[in-house]
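Mind having a look at this structure? Questions to follow.
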Amino acid sequence: MKIKPLLQRYQALLDLPAHTQSVSLLEGGTPLLPLPRLAQELGGGFELYAKVEGLNPTGSFKDRGMTAAVGEALGRGAQAVICASTGNTAASAAAYAARAGLRCIVLIPQGKVAAGKLAGALAYGAQVIQVSGSFDQALELVVQTSQRQPIALVNSLNPHRLQGQKTAAFEMIEDLGRAPDWLCLPVGNAGNITAYWMGFRQVHQLHASGLPRLLGVQAAGAAPLVHGAPVELPETVATAIRIGKPARGEQALQAAAESGGRIVAASDAEILAAQRRLAAEGLWVEPASAAGLAGLTAEIIAGRLQPQGRVVLVCTGHGLKDPDVITQALPTTPVIPAELAALEALLAG
Ligand code: AN7
């Protein structure tokens with residue numbers, strides 16, 4: 001099989017400037033994994049799938065948008081790119097900037113970025129700067145810097161990011177033959193939910209492929225779109241979505257409402273339970289990426305949602321991004337001497 005760069009695959013459907021260059025790590029084309037056992041457990045009567053976005057080149061969905069944003073920046077002659085990030089955007093920007101031969105600067109909230117993401121950004125050679133403040137404050141800083149200096153902003157405020165990210169909706173329609181009935185996904189800075197809605201609407205206008213209802217899920221400690229006001233000090237185990245003032249919050253609310261869906265909050269306990277549930281299907285995702293299932297489960301239990309047809313969970317990032325959340329929560333693993341008797345005694349338990 002020959003995999004094409006994502007932007008080349010969907011060129012006709014993407015609104016990108018002509019100067020955009022190809023900067024690709026062969027992103028996209030991620031599997032839509034059926035989860036029949038989990039669907040039964042949730043009451044049955046519908047098909048459940050996970051869009052496994054953790055299988056992108058840097059382990060998250062951000063790569064779909066970054067191939068476009070970095071390619072555009074390169075084509076317009078930028079020398080450097082900058083972003084604020086809870087981690088995945090940083091790793092992705094760093095990788096695509098490396099591919100393009102551009103300098104990459106990332107600002108992250110101090111001490112609040114998962115190990116696999118920070119390591120990624122460093123491995124790809126980005127200049128990583130910690131800010132003693134929140135993601136929202138870091139974003140404010142990079143927006144101002146990009147206005148004063150010739151450095152391209154590659155956060156999802158950059159419209160080219162959304163062009164790339166909407167391709168996930170195209171792939172889903174290809175795999176299912178039409179749009180799913182519900183799309184459940186985490187919401188942080190709200191770029192992804194906005195991009196999905198854009199993609200689904202676009203194909204629906206061309207091919208009457210249907211529209212999903214959107215269930216956007218924020219972490220309860222970082223749920224400005226549920227409370228209707230910014231959260232000054234967001235806190236959640238799902239550090240990827242530890243965001244108090246989503247840049248595309250209005251668009252996300254509008255997309256959810258237009259779709260006949262909504263944005264809800266899930267507690268950290270619900271998110272971690274959903275993470276374990278997905279892992280029990282062989283799908284290890286980072287905590288934020290389990291938010292879609294956490295929200296869906298809570299809505300079903302509360303009787304507010306009765307799934308029918310096809311439901312897709314967008315699993316945005318790989319579990320390997322955040323190993324600490326697992327190892328810290330687990331009991332310590334036993335140590336035995338290298339002797340068969342010791343092993344058999346332990347297994348007999
Ligand atoms: C795994 O990397 O904001 O609602 O700076 O890493 O489009 O922000 C990450 C967000 C969901 C939320 N799942 O997406 C960043 C950053 C994972 C993420 C989201 C993020 P948006």
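Note that the structure is predicted; figures quoted are calculated from it, not measured. Each residue takes its place number in the sequence, starting with 1.
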Report the residues that fulfil salt bridge (charged side-chain N to carboxylate O under 4.0 Å, His left out) with K245, sequence neighbours left out, ordered by chain and then residue number.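 Scan of K245 (salt bridge (charged side-chain N to carboxylate O under 4.0 Å, His left out), adjacent residues dropped) gives none.
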Mind listing the closest non-hydrogen atom pair of A73 and A152 along with its distance?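 So the two residues come closest at CB-CB, 3.7 Å.
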Start with the C-alpha gap between F170 and R9, add the side-chain angles, then the distance that decides, and say whether side-chain contact (heavy atoms from CB on, under 4.5 Å) holds. CA-CA 10 Å; F170 302 163; R9 269 172 71 199; over 6 Å; no
R148 versus Q144, side-chain donor and acceptor atoms under 3.5 Å: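 Not at all, the side chains of Q144 and R148 share no donor-acceptor pair under 3.5 Å.
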Would you mind listing every side-chain hydrogen bond (donor to acceptor under 3.5 Å, both in side chains) that reaches into residues 115-126, with sequence neighbours excluded?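 Applying side-chain hydrogen bond (donor to acceptor under 3.5 Å, both in side chains) to every pair that reaches into residues 115-126, excluding sequence neighbours, yields K117-E286.
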Can you tell me which residue among T316, T30, N192, N88 is in a side-chain hydrogen bond (donor to acceptor under 3.5 Å, both in side chains) with E53?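 For E53, the side-chain hydrogen bond (donor to acceptor under 3.5 Å, both in side chains) check succeeds only for T30.
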Main chain of T58, side chain of D63: is a donor-acceptor contact present, judged purely on distance under 3.5 Å?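 It does hold such a pair.
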Between C184 and V314, is there a side-chain heavy-atom distance shorter than 4.5 Å?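 Side chain of V314 against side chain of C184, heavy atoms only: no contact under 4.5 Å found.
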Atom CG in L33, atom CG in L55: separation rounded to 0.5 Å?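 Output value for this atom pair is 9.5 Å.
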Point-to-point distance, once rounded to the nearest 0.5 Å, from CG of L107 to SG of C83: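 One gets 8.0 Å once the value is rounded to the nearest 0.5 Å.
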Over all atoms of both residues, closest heavy-atom pair of I241 and A288: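 Looking at all heavy atoms of both residues, the closest pair is CG1-CB, 4.0 Å.
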Among L48, I301, L38, whose side-chain contact (heavy atoms from CB on, under 4.5 Å) with L296 holds?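 Filter result, single survivor: L48.
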Minimum heavy-atom distance V325-P287, with the two atoms named: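 Closest pair (atom of V325, atom of P287, distance): CG1-CG, 3.8 Å.
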Take W182 and V312, measure what side-chain contact (heavy atoms from CB on, under 4.5 Å) needs, and give me the verdict at the end. CA-CA 6 Å; W182 279 95; V312 175; over 6 Å; no
For atom CD of E174, decide whether the heavy atoms of other residues, nucleotides or ligands shown that lie under 6.0 angstrom number more than 12.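 Yes, the 6.0 Å shell around CD holds more than 12 heavy atoms from other groups.
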Distance only, no hydrogens: is a donor on one side chain within 3.5 Å (strictly under) of an acceptor on the other, for E27 and S24?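 Distance-only check passes for E27 and S24.
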Heavy-atom check, side chain of S22 versus side chain of L7, under 4.5 Å: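 S22 vs L7: side chains apart.
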Looking at S156, is its backbone amide N or carbonyl O close enough to the side chain of R248 to form a donor-acceptor pair, meaning the two atoms are under 3.5 Å apart?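 Yes; judged by distance alone, with no hydrogens or angles, the pair exists.
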Quick one: pull up CD1 in I193 and CE in M198 and give me the separation to the nearest 0.5 Å.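 Rounded to the nearest 0.5 Å, the CD1-CE separation comes out at 12.5 Å.
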For S92 and T89, indicate whether the former's side chain and the latter's backbone hold a donor-acceptor pair under 3.5 Å.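 Checking the backbone N and O of T89 against the side chain of S92, no donor-acceptor pair under 3.5 Å is found.
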Report yes if some heavy atom in the side chain of R213 is under 4.5 Å from a heavy atom in the side chain of L183; otherwise report no.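 The answer is no; the side chains never approach within 4.5 Å.
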Consider only side-chain heavy atoms of I, L, V, M, F, W and Y, link residues closer than 4.5 Å, and tell whether V131 and V113 are in one cluster.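 V131 and V113: separate clusters.
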Which of these, I243, T239, D136, sits in a side-chain contact (heavy atoms from CB on, under 4.5 Å) with P234?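 When side-chain contact (heavy atoms from CB on, under 4.5 Å) is applied between P234 and each of I243, T239, D136, only D136 qualifies.
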Polar contact flag, side-chain donor to acceptor under 3.5 angstrom, Q40-R37: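 Looking only at side-chain atoms, R37 and Q40 do not form any donor-acceptor pair under 3.5 Å.
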Nearest 0.5 Å, what's the CG-OG1 distance between L25 and T67?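 L25 atom CG to T67 atom OG1 measures 7.5 Å (nearest 0.5 Å).
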Check whether any side-chain N or O of E235 sits under 3.5 Å from a backbone N or O of G221 as a donor-acceptor pair, and report yes or no.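 Between the backbone of G221 and the side chain of E235 there is no qualifying donor-acceptor contact (under 3.5 Å).
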Just verifying a value: how many Å separate H318 NE2 and L283 CG, rounded to the nearest 0.5 Å?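 Here the interatomic distance stands at 8.0 Å.
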Determine, step by step, whether N155 and N158 satisfy the side-chain contact (heavy atoms from CB on, under 4.5 Å) criterion, reporting the C-alpha distance in whole Å, the side-chain angles of both residues, the deciding distance to 0.1 Å, and the verdict. CA-CA 6 Å; N155 278 104; N158 178 324; over 6 Å; no
Side chain to side chain donor-acceptor pair (under 3.5 Å) for S209 and R178? Distances and angles first, verdict last. CA-CA 5 Å; S209 50; R178 49 167 285 126; over 6 Å; no
If we ignore angles and hydrogens, is there a donor and acceptor under 3.5 Å between the side chains of T236 and R242?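 There is no such pair between these side chains.
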Polar side-chain atom of T145 near backbone of L141 as donor-acceptor pair, under 3.5 Å: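 The answer is yes, because a donor-acceptor pair under 3.5 Å joins these two groups.
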Short question: side chain of T20, backbone of L16 - any donor-acceptor pair under 3.5 Å?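 No.
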Taking every non-hydrogen atom, the tightest pair across A100 and V70: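 The pair with the smallest heavy-atom distance is CB-CG1, 3.8 Å.
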Do the non-hydrogen side-chain atoms of L42 and L293 ever get within less than 4.5 Å of each other?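 Yes; the side chains approach each other to less than 4.5 Å.
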Would you say the side-chain atoms of S267 pair up with the backbone N or O of A220, donor to acceptor, closer than 3.5 Å?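 A pair under 3.5 Å: no.
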For the residue pair G249 and A190, what are the closest heavy atoms and their distance?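 Where G249 meets A190 most closely, the heavy atoms are N-CB, 4.0 Å.
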Test salt bridge (charged side-chain N to carboxylate O under 4.0 Å, His left out) on E270 and R277 and set out the steps. CA-CA 10 Å; E270 288 170 331; R277 191 60 195 79; over 6 Å; no
Honestly curious: do L14 and Y196 fall in one hydrophobic cluster under the side-chain, below-4.5 Å linking rule?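 Linked, L14 and Y196 end up in one cluster.
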Flag yes if Y10 and F200 sit in one hydrophobic cluster, no otherwise; membership is Ile, Leu, Val, Met, Phe, Trp, Tyr, and two members link when side-chain heavy atoms are under 4.5 Å apart.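 Per the 4.5 Å side-chain linkage, Y10 and F200 are co-clustered.
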Same hydrophobic cluster for L122 and L320, using side-chain heavy-atom links shorter than 4.5 Å among ILVMFWY?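 No.
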Taking all non-hydrogen atoms of both residues, which atom of A114 and which atom of D322 are closest, and how far apart?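 In terms of heavy atoms, the two residues are closest at CB-CG, 3.5 Å.
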Please indicate whether L233 has more than 12 foreign heavy atoms, meaning atoms of other residues, nucleotides or ligands, lying under 6.0 Å from its CG.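 At most 12 heavy atoms, drawn from other residues, nucleotides or ligands, come within 6.0 Å of this atom.
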After noting the C-alpha distance and the side-chain angles of D175 and Y49, does the key distance pass the side-chain contact (heavy atoms from CB on, under 4.5 Å) rule? CA-CA 11 Å; D175 286 346; Y49 299 86; over 6 Å; no
If we ignore hydrogens and angles and just use 3.5 Å, is the side chain of Q218 paired with the main-chain N or O of I263 as donor and acceptor?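 No, the answer is negative, given that no donor and acceptor are paired below the 3.5 Å cut-off.
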Would you call R276 and E281 a salt bridge, using N to O less than 4.0 angstrom?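 Salt bridge absent between R276 and E281.
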Taking the side chain as every heavy atom from C-beta outward, state whether Y96 and V154 have any pair of such atoms under 4.5 Å apart.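 Y96 does not reach V154 side chain to side chain.
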Just wondering, do V81 and I105 contact through their side chains at under 4.5 Å, heavy atoms?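 They are not in contact (no side-chain heavy atoms under 4.5 Å apart), so the answer is no.
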In terms of side-chain geometry, is the basic nitrogen of E72 or R161 positioned less than 4.0 Å from the acidic oxygen of its partner?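 Salt bridge flag = no for R161 with E72.
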Just so I know, are the side chains of M66 and Q165 near enough to count as touching, which here means a heavy-atom distance under 4.5 Å?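 The answer is no; the side chains never approach within 4.5 Å.
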Pair Q127-R103, side-chain donor/acceptor within less than 3.5 Å: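 Yes, R103 and Q127 have a side-chain donor paired with an acceptor closer than 3.5 Å.
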Between Q254 and E258, is any side-chain donor less than 3.5 angstrom from a side-chain acceptor?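 Distance-only check passes for Q254 and E258.
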Could you tell me the separation between the CG atom of L313 and the CG atom of L35, rounded to the nearest 0.5 Å?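 Atom-to-atom, L313:CG and L35:CG are 6.5 Å apart.
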Backbone N or O of A90 within a donor-acceptor pair of the S85 side chain at under 3.5 Å?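 Yes; judged by distance alone, with no hydrogens or angles, the pair exists.
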Answer yes or no: is there a side-chain heavy-atom contact under 4.5 Å between L157 and V143?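 Yes, at least one pair of side-chain atoms sits under 4.5 Å.
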Hey, is the main chain of L13 close enough, under 3.5 Å, to the side chain of K166 for a donor-acceptor pair?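 A pair under 3.5 Å: yes.
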Starting from L305, can I reach L185 by hopping between I/L/V/M/F/W/Y residues whose side chains sit under 4.5 Å apart?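 Looking at the clustering, L305 is in a separate group from L185.
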